[in-house]
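Values below: all heavy atoms of this structure, side chains included; hydrogens, waters and symmetry mates excluded.
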Amino acid sequence: MTSIDTRAARAADDLTAGGWALPAGAVGTHRFTPKFEAVIAGLQARLTALGGTEGPVWHPPVLSRSLIDRAEYAESFPHLLGSVNAMDEDADGVVLAPAACYPVYPGLADGTVGEQVHFDVAGYCYRHEATSELGRFRTFRMREFVTVGAEEPVTAWRNGWIERGEKLFAELGVAVEVKSATDPFFGPGGRLMRASQLEQDLKYEFVAKVSPEDPGTAIASANCHKDHLGTRFAVRLPGGDTAHSACAAFGLERIALALINAHGDDLNDWPALAAALPTPGSPA
């Protein structure tokens, strides 16, 4: 067993001992208890208030293979993509959703949007992570706020979500470091290569500890996609220019783990703002 595996096993045991999760029998998966799910429900409510929406539209956990191919995800990250195989060889091909936002784009494809449109979405996602580290879930829930429109307001919107994210985590008592990073949205050959993406400040991650020995894990991000997805899905502005897009993504299980790491196993010991998250049996 490697040091990473040992550390992951120790962190998983701590989750079980704290009443948060149980083993599920596969790498990168857990069975979560009502105690853990109460925290998830509270996070969802906080994010809904932060986004000023009525709540997310839940997207299905599978996508058509044609959608994910059009987005070029499979060409860039085939090792993370999970496919669904059926006994019926004539069945339409589907893949497991690697992010919650992709189903937004078929509804906009080959059409025109105004200066800016907004979406609040959520879904179960899958990425075939090769590590057993806590937080590197293979199946997980993602909450995303998405905007599509002209470049300037889209970029300003993304920057605003960096500020909102910092405020949210400060209120929840989770220490985060905002770091420039790279993103799996861009296609093969790197029309936006890693160095270029970093130079353009297209992706920022909120990095926090999800266990005592964790060096730091991205629990949320704020991203500009430039016109990549607008080009792939032929989304235009009224004047004919290609639309830009951006998203703010929150990994619900990872944020819950960061809260547990920061405040311990007893919800009664959490600070006032974090303790406002409902406990099992209380109204959502």
Side-chain angles (χ1 to χ4, degrees), residues 1-24 26-47 49-50 122 124-125 127 129-144 161-162 164-179 181 204-222 248-280 282:
M1 183 178 287
T2 68
S3 59
I4 290 177
D5 291 333
T6 300
R7 188 172 67 211
R10 192 158 48 235
D13 288 344
D14 289 344
L15 276 185
T16 299
W20 301 104
L22 298 167
V27 173
T29 64
H30 296 272
R31 293 178 291 151
F32 294 113
T33 65
K35 180 181 178 181
F36 189 94
E37 290 304 309
V39 173
I40 294 292
L43 284 172
Q44 289 280 45
R46 290 296 296 268
L47 289 168
L50 191 66
Y124 279 85
C125 304
R127 294 178 189 171
E129 297 281 2
T131 177
S132 61
E133 290 178 276
L134 187 68
R136 292 288 180 185
F137 298 108
R138 288 186 175 179
T139 179
F140 55 93
R141 284 162 286 185
M142 185 180 290
R143 178 78 176 267
E144 291 196 53
W161 269 101
I162 295 174
R164 291 191 209 186
E166 289 179 307
K167 180 180 179 182
L168 171 68
F169 293 123
E171 290 176 348
L172 291 177
V174 174
V176 297
E177 184 178 358
V178 180
K179 294 184 175 181
Y204 286 93
E205 292 180 337
F206 298 85
V207 178
K209 293 173 69 70
V210 300
S211 68
E213 297 178 87
D214 180 28
T217 298
I219 61 174
S221 63
F250 296 84
L252 298 179
E253 287 89 351
R254 287 186 181 184
I255 296 173
L257 293 178
L259 280 164
I260 295 165
N261 182 69
H263 304 307
D265 293 327
D266 188 345
L267 290 173
N268 293 317
D269 292 337
W270 290 24
L273 283 166
L277 301 170
T279 54
S282 67

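For Ala175, there are no side-chain contact (heavy atoms from CB on, under 4.5 Å) partners at least two apart in sequence or on another chain. The ring pair (Phe, Tyr, Trp, His ring centres under 6.0 Å) search around Phe206 returns Phe169, not counting sequence neighbours. Shown here are the salt bridge (charged side-chain N to carboxylate O under 4.0 Å, His left out) partners of Arg143, two or more places apart in sequence or in another chain: Asp120. Not counting sequence neighbours, the partners of Ala249 by the side-chain contact (heavy atoms from CB on, under 4.5 Å) test are Met142, Glu144, Ser221. Partners of Ala12 by side-chain contact (heavy atoms from CB on, under 4.5 Å), not counting sequence neighbours, listed by chain and number: His30. Under the rule for a side-chain contact (heavy atoms from CB on, under 4.5 Å), the partners of Lys179 that lie at least two apart in sequence or sit in another chain are Glu177, Val207. In terms of the salt bridge (charged side-chain N to carboxylate O under 4.0 Å, His left out) criterion, residue partners of Glu213 (sequence neighbours excluded) are, by chain and number, Arg10. Scanning for side-chain hydrogen bond (donor to acceptor under 3.5 Å, both in side chains) contacts around Glu166 gives an empty result, with sequence neighbours left out. Not counting sequence neighbours, the partners of Asp266 by the side-chain hydrogen bond (donor to acceptor under 3.5 Å, both in side chains) test are Asn268. Remark: Thr217 engages Asp214 in a side-chain hydrogen bond (donor to acceptor under 3.5 Å, both in side chains) (not counting sequence neighbours).
When all heavy atoms of Ser211 and Ala11 are compared, the pair lying nearest together is CB-CB, 4.1 Å. The shortest non-hydrogen separation linking Ala256 to Leu43 is N-CD1, 3.9 Å. The two atoms that bring Val174 and Ala208 nearest to each other are CG1-CB, 3.9 Å, heavy atoms only. Of all the heavy atoms in Ala21 and Phe32, the pair that sits closest is CB-CD2, 3.8 Å.
With values rounded to the nearest 0.5 angstrom, Ile255 atom CD1 is found 7.0 Å from Leu168 atom CG. How far CZ of Phe137 is from CG of Leu257: 4.5 Å, rounded to the nearest 0.5 Å. A distance of 11.0 Å separates CZ in Phe250 from CD in Gln44, rounded to the nearest 0.5 Å.
For the side-chain hydrogen bond (donor to acceptor under 3.5 Å, both in side chains) condition, the pairs that include at least one residue of residues 11-23, sequence neighbours left out, are Trp20-Asp265. Sorted by first and then second residue, the salt bridge (Lys or Arg N to Asp or Glu O under 4.0 Å) pairs with a member in residues 252-261 read Arg141-Glu253; sequence neighbours excluded.
Ile219 has its side chain within reach of Val210: a pair of non-hydrogen atoms, C-beta onward, lies under 4.5 Å apart. A heavy-atom distance below 4.5 Å is found between the side chains of Arg138 and Val27. Contact check for Leu50 versus Trp161: side-chain heavy atoms found under the 4.5 Å cut-off.
No side-chain donor-acceptor contact under 3.5 Å links Lys35 to the backbone of Leu267.
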Ile260 vs Val39, side chain to side chain contact (heavy atoms under 4.5 Å, CB included): CA-CA, chis, key distance, verdict: CA-CA 10 Å; Ile260 295 165; Val39 173; 5.9 Å; no
